[in-house]
2 protein chains.
Amino acid sequence: MTTREQKKATIYDLSVVSGASASTVSAVLNGTWRKRRISEETADKILSLAKEHDYKANLQARALRSSRSGLTGLLLPVYDNRFFSSMAQTFEALASKRGLVPMVVSGRRDPQEECRTVESLIAYSIDSLFIAGATDPDGVHDLCARAGLAHVNIDLPGSKASSVIADNRQGAVALTQAIIRHAQEIGPLGPDDVFLFGGRDDHASRERIAGFHAAKAAIFGENTFGDIEITGYSPGMTAAAFERFFARHRRLPRCFFINSSINFEGLLRFMAHHPGEAFGDIVVGCFDYDPFASFLPFPVYMIRPDMPAMLDKGFALLDAPPATPQLIMVEPQLVPPRTALEGPLDALDDPSTLSPGS
Amino acid sequence: MTTREQKKATIYDLSVVSGASASTVSAVLNGTWRKRRISEETADKILSLAKEHDYKANLQARALRSSRSGLTGLLLPVYDNRFFSSMAQTFEALASKRGLVPMVVSGRRDPQEECRTVESLIAYSIDSLFIAGATDPDGVHDLCARAGLAHVNIDLPGSKASSVIADNRQGAVALTQAIIRHAQEIGPLGPDDVFLFGGRDDHASRERIAGFHAAKAAIFGENTFGDIEITGYSPGMTAAAFERFFARHRRLPRCFFINSSINFEGLLRFMAHHPGEAFGDIVVGCFDYDPFASFLPFPVYMIRPDMPAMLDKGFALLDAPPATPQLIMVEPQLVPPRTALEGPLDALDDPSTLSPGS
DNA sequence: CAACATTGCACAATCGATGGTGCAATCAAC
DNA sequence: GTTGATTGCACCATCGATTGTGCAATGTTG
């Protein structure tokens with residue numbers, strides 16, 4: 001293994017060995033050589049020399065000169081969650097299909113962090129940005145606008161840029177209906193048995209809450225109040241909310257809607273602190289998808305957004321920017337209990353499967 | 001909102017408005033101005049002008065000139081999994097604490113994809129690379145070595161570069177002991193009741209299998225064979241393995257070890273296809289951590305690696321590269337059933353919690 | 001006040017690519 | 001054989017920063 005840790009070859013190196021000028025080498029290597037009327041012979045020679053010297057373009061230099069970096073960013077609140085990690089996975093696949101290199105970053109649900117993070121992406125001259133679940137989409141928008149950076153909101157809409165979101169209200173209606181019907185089959189159910197936990201003061205939560213209330217009203221024939229508990233996207237705060245409920249009623253609600261899998265983790269923590277209790281009679285809806293949650297010892301209905309469709313529409317918006325900001329809704333999917341859906345990982349064959357183990 | 005979409009300010013713009021030269025502006029803005037004997041007065045003026053004009057350095061240009069990009073990469077096999085997404089989350093936090101911008105990418109367990117992906121990182125002149133769960137760590141190492149790129153392996157060791165890994169063998173022993181003891185409390189158990197599913201022909205799997213066999217031998221006093229089923233890291237293949245087992249024995253093993261949460265998803269799929277069956281008497285160990293898995297209707301023991309410790313040691317190795325490749329082991333944690341651990345998200349306060357809902 | 005040291009900054013090359021422009025050599029046409 | 005078109009490429013400025021070097025102005029010393 002001759003570890004020739006030579007400094008990386010540049011077009012100037014190739015220009016020397018090929019006898020052509022640097023601009024000719026550049027044109028050949030970036031594919032514009034026909035337009036520049038470089039002879040096929042010269043091109044072939046340079047290409048083979050490039051292969052021989054393991055030439056790789058310095059993309060920083062290219063980006064600096066051409067002001068197109070080939071980078072596309074995705075701003076997430078957090079990675080550590082099935083919803084966003086699946087978004088990252090799908091984003092990466094779609095980006096590389098388009099010849100772009102993805103930069104995924106997280107803003108940790110902190111408006112200042114979000115802006116700092118986006119600024120660093122801008123400093124690296126990314127070409128486009130997907131904004132997912134930002135606490136302050138319009139603040140991020142302003143940064144992008146100032147930098148002339150194309151961007152779309154994903155999953156959480158902003159008022160100033162185009163957005164692709166799941167149809168939260170319709171999904172919430174479907175989810176609420178599903179859990180109420182399931183609970184009604186177990187036994188009689190009143191509106192006071194149906195609650196919602198989680199969420200914050202953002203568009204998605206508001207829509208879901210509206211859908212939740214609409215579905216309840218349609219089934220029970222009356223509007224209900226005091227049946228939601230806002231906890232933010234925090235497992236700890238959600239667990240505390242369940243503790244409070246439990247302290248007051250000595251049980252959990254028969255039937256409840258949880259705003260996201262992060263909040264769902266709060267339910268799990270609550271349960272971990274009540275090892276003796278049985279929670280076999282509850283019916284839960286979760287506006288999010290985690291395959292493990294589907295197999296818990298009580299029925300869990302979930303909503304899974306159609307991530308490939310959402311991101312595809314996002315890329316389409318960037319390709320052909322509409323004159324005015326568009327709001328595109330994508331139908332999410334209702335996942336009944338005990339269902340293990342396929343995910344982005346299933347696109348990957350694992351070839352090692354064929355090799356013998358130890 | 002005066003959307004002044006002016007082209008971004010450069011040191012030349014500031015040089016004009018300040019009356020100083022571009023090199024002076026540069027020195028002031030990158031902090032080397034004392035060394036260059038720029039007067040404090042000049043520095044102050046330039047700094048305030050920079051703020052006024054919202055100057056942000058073009059990091060591509062800086063990287064090109066100084067050949068230090070400020071980027072650090074993390075190569076994952078996949079995002080869509082608690083183990084790796086938690087790694088990404090922690091990595092980002094540690095990187096930004098060090099003033100670096102993280103670039104997280106996935107190689108999808110395909111050696112060619114891995115190399116392509118790493119090549120694109122190299123083309124953007126990243127300063128360092130963390131290689132996690134690469135199918136071919138040494139192939140990636142060669143790419144890095146040729147580019148003179150500092151790198152460490154995380155979680156899966158390579159022979160040619162330093163590695164920080166979980167102590168797989170010790171963890172597997174602890175996990176195997178835990179599930180066998182639990183199953184023994186339910187009823188008498190023989191070595192033929194204890195199986196292992198998942199994994200592939202990599203270092204981690206081999207170590208885990210060795211630990212599994214060692215623990216079994218220690219408890220049952222004999223070596224056992226034919227008790228492992230290699231499935232690769234694929235939910236589908238793992239589900240198929242359970243189907244085969246079930247077809248032969250009309251039940252699942254009383255007690256089994258699953259190599260990762262991805263394989264665990266295979267178990268869930270299997271269960272989804274057997275809705276009538278009860279699997280209440282099984283005891284499962286999973287060499288991975290997913291909070292949801294902990295609350296399934298059968299006991300699940302899990303192993304969680306100490307991600308912050310592992311990544312910290314990784315950064316330390318990059319800061320002070322040892323003369324010869326080191327292998328550093330970090331003890332993982334055994335997580336009993338029905339335990340909801342805190343994760344990286346708990347470091348985030350969710351301030352919106354205080355705001356009223358809709 | 002001459003000689004020298006120090007202060008404060010400007011100049012210009014450079015990183016590795018891109019792309020507009022210009023020019024010699026070849027070719028075709030009359 | 002002159003003119004004009006075409007081919008094939010080289011030259012050079014440029015993107016926005018960093019950094020080694022040089023030099024005038026000021027300060028210090030005797």
Side-chain angles (χ1 to χ4, degrees), chain A residues 6-47 50 53-71 120 122-127 147-148, chain B residues 6-46 50 53-71 120 122-125 127 147-148:
Chain A
Q6 62 205 350
K7 278 303 121 207
K8 306 188 59 186
T10 71
I11 55 170
Y12 298 97
D13 302 329
L14 292 182
S15 136
V16 170
V17 297
S18 71
S21 76
S23 61
T24 299
V25 173
S26 168
V28 168
L29 293 171
N30 68 28
T32 59
W33 55 279
R34 289 188 184 287
K35 206 166 61 196
R36 287 184 151 264
R37 300 179 318 209
I38 309 292
S39 72
E40 193 134 6
E41 190 188 8
T42 307
D44 287 346
K45 183 172 63 181
I46 290 176
L47 284 173
H53 290 258
D54 192 37
Y55 171 83
K56 295 276 152 33
N58 179 324
L59 297 184
Q60 310 253 27
R62 171 178 300 170
L64 177 58
R65 179 56 230 251
S66 62
S67 59
R68 289 204 53 258
S69 66
L71 293 168
S120 75
I122 290 175
Y124 283 106
S125 311
I126 59 170
D127 295 334
Chain B
Q6 62 206 349
K7 278 302 120 207
K8 306 190 60 185
T10 71
I11 54 170
Y12 299 98
D13 302 329
L14 292 182
S15 136
V16 170
V17 297
S18 71
S21 75
S23 60
T24 298
V25 173
S26 168
V28 168
L29 293 172
N30 67 29
T32 60
W33 55 280
R34 289 188 184 286
K35 207 167 59 196
R36 287 183 151 265
R37 300 180 316 209
I38 309 291
S39 72
E40 193 135 4
E41 189 187 8
T42 308
D44 287 347
K45 183 172 62 180
I46 290 176
H53 289 258
D54 192 36
Y55 171 82
K56 295 277 151 34
N58 180 325
L59 297 183
Q60 311 253 26
R62 170 177 298 170
L64 178 58
R65 180 56 231 249
S66 62
S67 59
R68 289 204 53 258
S69 66
L71 293 169
S120 75
I122 291 176
Y124 283 105
S125 311
D127 295 334

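Numbers restart at 1 for each chain; the letters A, B, ... are given by sequence-line order, proteins then strands. Because only heavy atoms are used, hydrogens play no part in the values below, and waters and symmetry mates are left out as well, while side chains stay in. The structure presented is a predicted model; accordingly, all values stated were derived computationally and were not measured.
No engagement by Ala63(A) is indicated, since no non-hydrogen atom pair under 4.0 Å with the nucleic acid exists.
Under the salt bridge (charged side-chain N to carboxylate O under 4.0 Å, His left out) criterion, Lys45(B) pairs with no residue at all, not counting sequence neighbours. Ser26(B) is linked by a side chain to side chain donor-acceptor pair (under 3.5 Å) to nothing, counting only residues two or more places apart in sequence or in another chain. Checked against side chain to side chain donor-acceptor pair (under 3.5 Å), Ser21(A) has the following partners two or more places apart in sequence or in another chain: Ser23(A), Thr24(A). Residues passing the side chain to side chain donor-acceptor pair (under 3.5 Å) test with Ser125(A), sequence neighbours excluded: none. Residues passing the side-chain contact (heavy atoms from CB on, under 4.5 Å) test with Leu14(B) are Val17(B), Val25(B), Leu29(B), Leu49(B), Ala50(B), His53(B), Tyr55(B), sequence neighbours excluded. Scored by the salt bridge (charged side-chain N to carboxylate O under 4.0 Å, His left out) test, Asp127(A) finds Arg68(A) as partners (sequence neighbours excluded). Residues passing the side chain to side chain donor-acceptor pair (under 3.5 Å) test with Ser15(B), sequence neighbours excluded: none.
Shown for residues 32-47 of chain A: residues whose heavy atoms fall under 4.0 angstrom of DNA chain D, namely Arg36(A), Arg37(A), Ile38(A), Ser39(A), Thr42(A). Of the residues in residues 19-31 of chain A, Ser23(A), Ser26(A), Asn30(A) come within less than 4.0 Å of DNA chain C through at least one heavy atom, sorted by number.
Read 5' to 3', the first and last nucleotides of DNA chain D with an atom closer than 4.0 Å to a heavy atom of chain A are dT7(D) to dG16(D).
Remark: the Arg65(B) side chain and the dT14(C) base include a donor-acceptor N/O pair separated by less than 3.5 Å.
Comparing the helix axis at one end of the helix from dC1(C)-dG30(D) to dC30(C)-dG1(D) with that at the other, each defined from 5 consecutive pairs, gives an inter-axis angle of 50° (nearest 10°).
Legend: salt bridge (Lys or Arg N to Asp or Glu O under 4.0 Å) pairs involving residues 19-37 of chain A, not counting sequence neighbours, sorted by first then second residue: Arg34(A)-Glu40(A).
For the pair Tyr12(A) and dT14(C), the criterion of a side-chain N or O lying under 4.0 Å from OP1 or OP2 is not met.
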